[in-house]
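Just below is one structure, and these are the notes that go with it.
Here, residue 1 is the first one in the sequence, and each next residue gets the next number. As the structure is a computational prediction, the values presented were derived from the model and not from experiment.
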Amino acid sequence: MKGPVISIIVPIYKVEKYLLRCLNSIAAQTYTDFEAILIDDGSPDRCGEICDEYTIKDARFHVIHQENGGLSAARNTGLNNCRGQYIMFVDSDDYLRIDMCEQLMSAIKMTNADIAVCGFWVEEETGRSRRGIGPSCTEIISGKDTVIRYFSGSGSTYLANIWNKLYDKQIFEKHPMIRFPVGLKHEDEFTSYKLLYRAKKVALINNNLYYYVQRSDSIMHTLSIDSMMARKACLMEYYRWAEEEAPDMKKLIEYAGIRIFNGFVWSYVQYGRPSELKAVVNELNVFILGQTKDFWKNPYVNVKQLKNFLLMKAGLLTASKVIGRCFKRQRK
C-alpha cells in the first residue's frame with residue numbers, strides 16, 4: 001500500500017496546555033497527504049490520552065507511547081517509524097500556519113531541492129509579542145552554501161532549527177549516522193548543519209510559516225549549567241565533524257569556533273562566572289587554539305574575530321567580557 005508523502009514527527013512531553021493547538025494546526029493543513037507520528041515520551045500529564053483521542057478522530061495521526069527518553073530519543077523514534085517520502089519535525093508546544101506543508105512541498109517540487117526552509121514567528125507564551133525570523137529572500141542555494149551561512153552567523157538562527165524545514169527522507173537513509181544526540185540539550189545544533197551539508201540544493205522561502213512559542217520554562221529560554229555543557233559538546237563536535245566528515249569545511253569551522261566561543265564566554269560572564277564552568281572555559285580555550293592554524297590566513301577571518309583570537313591566546317577573553325559587561329551596566 002502506498003504510504004503518505006510527508007511524515008510529521010511530533011515529540012510530546014508535558015505540554016497538555018498547548019498540545020491540542022499544535023495537533024489542530026497539523027490536521028488543518030491544506031496539504032493533506034501526510035501522517036502525523038505522535039511520540040508520547042512518557043508524559044506524566046494527559047498528553048498521552050489526548051494523543052489517543054486524536055488518533056480516533058483522524059486516521060492520519062498515529063501515537064507511539066514510550067518511556068521518557070528526552071526530545072532527541074523521541075525524534076529518533078519517529079525517524080525509525082516514519083513512512084513518508086519527506087519528513088518534518090514539529091515541537092508540540094508550537095503550531096503551524098495552515099499552508100506550511102503545501103508551501104514547503106511546492107518549493108521542493110518546483111526546484112528539485114532536498115530541503116525546503118521557511119521563516120518562523122517567535123511568539124511569547126501570552127501571544128502578545130511576535131517577531132519574525134527567516135531568509136531575507138526566496139532563493140535556491142547549495143547545501144554547502146547554507147552551511148557557510150550557518151557557521152558565519154548570517155543565517156544561523158533560522159538554519160539551526162530542525163522544525164522549520166521539510167527534508168527528503170533519502171538524506172536520513174543515505175546517512176544513518178545523522179541522528180539526534182540522546183541526553184544532550186540543543187540537539188538541533190548537533191544535527192541541522194549535517195543535514196544541510198548533505199543536501200545538493202536547499203530552497204529558502206521568505207515567508208514565516210511556523211510559530212515558535214517561547215515559553216519561560218523552555219530549554220531555549222533557560223540558561224543552565226547543563227545547557228552550557230551541551231553547548232561545549234556541540235562546539236567540540238563541529239571540529240570532529242569537519243576533521244572526519246567534511247574536510248572542506250575545516251577553515252570555516254576554525255573561524256566559527258572563535259566566534260561561537262566568544263558567545264560562550266559572554267554567556268559564562270553573564271551567568272556570574274560559576275565555578276563549575278571555569279575549568280570548562282579554560283579547556284575550550286586551549287582546545288580551540290590547538291585546532292586553529294594560521295588564523296590570519298583564514299579566508300573567513302575578520303578584524304573582530306582576529307581580535308578575539310589574540311585575546312584567547314593571551315588568556316584575556318574572559319577579562320575583556322567582564323569589562324564589557326561592567327561598561328554596559330554603567331551606560332544603563
Asp41 side chain vs Ile12 backbone, donor-acceptor pair below 3.5 Å: no
Closest contact, heavy atoms only, Pro44 versus Tyr13: CD-CE1, 3.6 Å
Lys/Arg-Asp/Glu bridge criterion (N-O < 4.0 Å) met for Arg75, Asp188: yes
Whether Asn302 side chain and Gln305 backbone form a donor-acceptor pair below 3.5 Å: yes
Working for ring-ring contact (aromatic ring centres under 6.0 Å, His included), residues Phe295 and Tyr255: CA-CA 8 Å; Phe295 191 61; Tyr255 158 79; 7.2 Å; no
Side chain Glu35, main chain Arg83, donor-acceptor under 3.5 Å: yes
Test side-chain contact (heavy atoms from CB on, under 4.5 Å) applied to Tyr238 and Met249, step by step: CA-CA 10 Å; Tyr238 293 155; Met249 296 284 114; over 6 Å; no
Electrostatic pair Glu139:Arg149 at N-O distance under 4.0 angstrom: yes
Lys57 to Tyr54 six-membered ring, cation-pi geometry met (6.0 Å, 45°): yes
Any donor-acceptor N/O pair, Glu123 side chain to Tyr212 backbone, under 3.5 Å: no
Backbone of Leu159 reached by a side-chain donor or acceptor of Lys165 within 3.5 Å: yes
salt_bridge(Asp114, Arg198) N-O dist < 4.0 Å: no
Pair Arg240 + Glu237: basic N to acidic O under 4.0 Å: yes
Donor-acceptor pair, side chain of Ser72 and main chain of Pro181, under 3.5 angstrom: yes
Ion pair Glu254/Lys293, N-O distance below 4.0 Å: no
N/O donor-acceptor pair under 3.5 Å between Ser192 side chain and Glu189 backbone: no
Test item: Asp45 side-chain N/O and Cys47 main-chain N/O as donor-acceptor pair under 3.5 Å: yes
Test applied, side chain to side chain donor-acceptor pair (under 3.5 Å); reference residue, Asp94; option that passes from Tyr210, Tyr18, Tyr211, Trp121: Tyr210
Verdict with supporting geometry, Arg46 and Glu53, salt bridge (charged side-chain N to carboxylate O under 4.0 Å, His left out): CA-CA 11 Å; Arg46 287 195 64 253; Glu53 293 166 2; 3.4 Å; yes
Gln29 side-chain N/O to Met100 backbone N/O, donor-acceptor pair under 3.5 Å: yes
Donor-acceptor contact below 3.5 Å, side chain Ser92 vs main chain Leu19: no
